[in-house]
Every structure is written in C-alpha cells, then in structure tokens.
Number of protein chains: 2
Amino acid sequence: MKKYSRQREAILDVLCSTDTHPTANWVYDRVRETIPNISLGTVYRNLSALSEEGRVISVSVGDGYEHFDGNDSLHAHFYCKKCGKITDVALENDYLAEAIRKNGFTPDSSVYIVRGVCGECNAKEKN
Amino acid sequence: MKKYSRQREAILDVLCSTDTHPTANWVYDRVRETIPNISLGTVYRNLSALSEEGRVISVSVGDGYEHFDGNDSLHAHFYCKKCGKITDVALENDYLAEAIRKNGFTPDSSVYIVRGVCGECNAKEKN
DNA sequence: CCCAAATCAGTAATGATTACTATTTTATTA
DNA sequence: TAATAAAATAGTAATCATTACTGATTTGGG
C-alpha cells in the first residue's frame, strides 16, 4: 500500500512551482532547502514513482539528463538545440492521443517533443 | 567537411530496414554481420550524427536505453509499459509542429511518445 | 600522388541512475 | 495509545550506457 511521505510531497511541490523542466539534481538542490538531509536516491525514487502514477511527466530531449515536468495541462515541448532551453507550447486538442486510441491502444500519458532552434538563437545567428 | 563512411552507411541501412526501434547495441550487433570489426563507439558516434542531421530520430521511452528510428514518415510512438514494445502509429497531419511554428519556433524534427498499455497486454491482464 | 581533415578501432573513463541495507516513518488494529 | 507490519528513507556502493581519448586508417580536393 502506498504511504504518504513528506519527501514526495516536497518534490512534487518543487516541480509544480516552476515552469522550467528540471533534472533530478536540480530538484534535489531545491528540496534540500526544506529538507536538508534528503537523499538524492529518494529524489530519483519519487520522481520515478510520480512519473509512473502520471502526476509528473518525464521529458528526454537528448542532453544526457532526464527532465521532469509538473505541468499537467496539455502541451508540447520545444527543445532548442543551440541554447538547450525547453519551452512549453500549449495545445488545444490531443490529436495524437486520439489517433493512438483509434488504433486500439489505451494511452495514459503523452510526451511531445519538437527539436529545432528557438527565435532568440536564430536572431543571434545573424550577427 | 562531412565525409562518406562505409560504417555510417551500414548503420543507416540497418535502421531503415527494420520497423522496430533498436538500441545502439542492437544496431552494433546487426552491423557486425557486415563489418565484423566495427567499434561500438563508431555506432554511437554515427547514430548521434545521423540524429543531429535529422535522418534518424532518437526516441527515449524511459527504459534506460536510447532507441533509434529510421522511419521518416510522420508517426507517433506508443510505448507499452507492460511489455515494453514500441509501436508506430501513422499520423495524417503534423498538428503539433504546426502549433509550435505558430508560437514562433522553427522545428526541424519531432518525437511524439504516448505511454500506456497495449491491447495485447490488456487482454492478458484479464486472465 | 599528396596532404589535411575526417573517421575509425580499441580501450579507458565518466557520471547519471539504480541497488542495497540498516534505520525511521506511516497507517492499521486492538 | 501501544504494538506491529509495510513502506519509505538516508547514506553509500555499484552499475553500465554512453562518451572521451589516441594512434592508425580512410576520404576527397588540388
């Protein structure tokens, strides 16, 4: 049976109070402000549990780290290859999950990642 | 300047002649049938280069491995949490890249991943 | 053919993530 | 509220997919 834990709650809080897409280590640093002796393993274990439950999304953009996202609204992620920034882009309808469903699958969470170069980096390029 | 390499060509061939989503190691094993002394590092380097060029897509489903996909048609990936199988689901329109573009970004490649349980595993569940 | 840049094979190193264990916390039952 | 079992934790050690390094080989332009 799943039990409450102060650590898990704190981790979820940190994730839900940022619009960035932090790594486990970043979350670790933030949670330590509240629970100084929390262990990095605890952060990993809970991020993984929260992700399994679907309360959090795990986003892999290919920079060598797993990123986590507590934003539960429907959105896609734009990853800029130049600056590494991940930006949320809101979506109106979940066309893809719909298409998946039509093909006989039962989806429970989605990660949409688009790679490219962001406007800011494109501008810099022209110098 | 980018130069031709027999190794890179063989790696791309392997990726384009399967509808699975292999890991670097699987590709390595397959390419060794043709080029027995190819190095695993070479496979990694070229997969990464091909992915950078957009000739190949890198798909992270959260099983601890990076998966690669040589299928260049527009599709989403359904990842079954139970059996680990990754299935391609064809898409008609790239709504998401479109939404991204409307937000001022310049996309160049997309990875759409939907997690859930596949029909087969759902059926097994009921026994 | 010659040269410089690119790529390679083989091997060593890295570091994000996971596993392990003794201890602490949680929730249930009496 | 005390006793108890299951779940979770802190701290540390281990794993292993991926990357970095190096000296040899290949590629392509002049």
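Naming convention: chains lettered A, B, ... in sequence-line order (proteins, then strands); numbering from 1 in each chain.
The nearest whole Å value for the distance from the CG atom in A:N46 to the P atom in C:dT26 is 13 Å. The distance from atom CH2 of B:W26 to atom P of D:dA17 is 17 Å, rounded to the nearest whole Å. In this entry the distance linking CZ of A:R8 with P of D:dA10 reads 12 Å, nearest Å. Put simply, CG on B:D63 is 14 Å from P on D:dC16, counting in whole angstrom units. Between the C1' atom of C:dT17 and the OH atom of A:Y28 lies a distance of 14 Å, rounded to the nearest Å. Rounded to a whole Å, the OH atom of B:Y4 is 10 Å from the P atom of C:dC8. Atom CG of B:D29 is separated from atom P of D:dA17 by 12 Å (rounded to the nearest Å). The interatomic distance linking A:E66 (CD) with C:dG15 (P) rounds to 19 Å, in whole Å.
Classified by interplanar angle (parallel below 30°, tilted 30° to 60°, perpendicular above 60°), the ring pair B:H21/B:H77 is perpendicular.
For A:Q7, no side-chain nitrogen or oxygen approaches OP1 or OP2 of C:dT25 to under 4.0 Å. Side-chain nitrogen and oxygen atoms of B:Y65 include at least one within less than 4.0 Å of the OP1 or OP2 phosphate oxygen of D:dA17. Contact between the side-chain N/O atoms of B:S39 and the OP1/OP2 oxygens of C:dC8 is not found at any separation under 4.0 Å. Within the 4.0 Å cut-off from OP1 or OP2 of D:dT18, not a single side-chain nitrogen or oxygen of B:N25 is found. Residue A:R6 places none of its side-chain N or O atoms closer than 4.0 Å to OP1 or OP2 of C:dT25. Contact check, B:Y44 against D:dT18: a side-chain N or O comes under 4.0 Å of OP1 or OP2. When the side-chain nitrogen and oxygen atoms of B:R45 are compared with OP1 and OP2 of C:dT7, none of them lie within a distance under 4.0 Å. At least one side-chain nitrogen or oxygen of B:S5 sits closer than 4.0 Å to the OP1 or OP2 atom of C:dC8.
Mapping B:M1 and B:I35 onto DNA chain C by nearest heavy atom places B:M1 at the nucleotide closer to the 5' end. Each of A:L40 and B:K2 was assigned the nucleotide of DNA chain D with the nearest heavy atom; the assignment lying further toward the 5' end belongs to A:L40.
Checking B:L40, B:T18, B:I11, B:N46 one by one against B:V27, the side-chain contact (heavy atoms from CB on, under 4.5 Å) holds for a single residue, B:I11.
Using a 4.0 Å cut-off between a side-chain N of Lys or Arg and a carboxylate O of Asp or Glu, A:E9 and A:R6 do not qualify as a salt bridge.
Donor-acceptor pairing under 3.5 Å, judged by distance alone, is present between the side chain of B:K3 and the base of C:dA5.
Taking both residues in full, the closest heavy atoms of A:R32 and A:I38 are given as CG-CG2, 3.7 Å, listed atom of the first, atom of the second, then distance.
Here C:dG10 is the nucleotide among C:dA27, C:dC8, C:dG10 with the atom lying nearest to any side-chain atom of B:N37.
The backbone N or O of B:S73 lies less than 3.5 Å from a partner atom in the side chain of B:N71, making a donor-acceptor pair.
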